[in-house]
Amino acid sequence: MSSTTVWVAPSATSFSCLCEPCLEAARTAGLLFVDALMIASVRGELPAEAEISSRRCAAGHEIVLRRMKRPPTLPRRDDRQLALT
């Protein structure tokens, strides 16, 4: 059984995410995207002191929650970052 890893902010005490295996199963079953989102949605509370935790979606897939500090900002702005081609 595959798992989904979700990175949460250091101060987060709740989370909301999507289970990737559930999304893929819904896609291959031909479900509408809105139905897939409802099926794959996982929400819950997270103890402030927990560095890593796990939950299970409704289908039983593991959701691994890991705390991560914010990445440093980019050293310089690059106009190509927002370019749509």
Side-chain angles (χ1 to χ4, degrees):
M1 193 173 281
S2 46
S3 67
T4 300
T5 299
V6 177
W7 299 93
V8 296
S11 61
T13 56
S14 63
F15 70 95
S16 178
C17 64
L18 297 172
C19 173
E20 292 176 6
C22 284
L23 280 177
E24 180 62 17
R27 184 193 67 77
T28 57
L31 295 179
L32 294 174
F33 186 64
V34 69
D35 294 330
L37 290 177
M38 290 175 56
I39 290 169
S41 181
V42 181
R43 298 171 189 232
E45 301 295 317
L46 181 64
E49 67 278 359
E51 290 296 317
I52 185 169
S53 185
S54 67
R55 302 292 188 278
R56 296 220 175 253
C57 71
H61 302 117
E62 183 179 32
I63 309 292
V64 177
L65 305 159
R66 293 180 182 261
R67 292 199 185 275
M68 180 180 143
K69 294 180 184 174
R70 285 190 179 273
T73 58
L74 295 173
R76 63 179 173 77
R77 179 171 164 77
D78 184 342
D79 289 330
R80 294 174 297 166
Q81 290 173 318
L82 301 176
L84 298 174
T85 58

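Count residues from 1 along the sequence.
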### Task
Kindly give the cluster partners of Leu32, where membership spreads through any ILVMFWY side chain lying under 4.5 Å from a current member.
Val34
### Query
Other than Leu46, what residues sit in its cluster of Ile, Leu, Val, Met, Phe, Trp and Tyr side chains whose heavy atoms are under 4.5 Å apart, directly or through others?
Val6, Val8, Phe15, Val42, Ile63, Leu65
### Query
Who else is in Leu37's hydrophobic cluster (ILVMFWY, side-chain heavy atoms under 4.5 Å, direct or via others)?
Leu18, Leu23, Phe33
### Summary
Closest non-hydrogen atoms of Ala48 and Thr13, given as atom of the first, atom of the second and distance, are CB-CG2, 4.2 Å
### Query
Sequence neighbours excluded, which residues qualify as side chain to side chain donor-acceptor pair (under 3.5 Å) partners of Arg55?
Ser53
### Task
Keeping to residues at least two apart or across chains, list the salt bridge (Lys or Arg N to Asp or Glu O under 4.0 Å) pairs with something in residues 22-41.
Glu24-Arg27
### Query
Partners of Thr5 by side-chain contact (heavy atoms from CB on, under 4.5 Å), sequence neighbours excluded?
Trp7, Val64, Arg66
### Query
Applying side chain to side chain donor-acceptor pair (under 3.5 Å), which residue pairs with at least one partner in residues 39-50 are found, sequence neighbours left out?
none
### Query
Which residue pairs pass the salt bridge (Lys or Arg N to Asp or Glu O under 4.0 Å) test when at least one of the two sits in residues 8-22, sequence neighbours left out?
none
### Summary
Interatomic distance, CZ@Arg67 vs CD1@Ile52, rounded to 0.5 Å, equals 11.5 Å
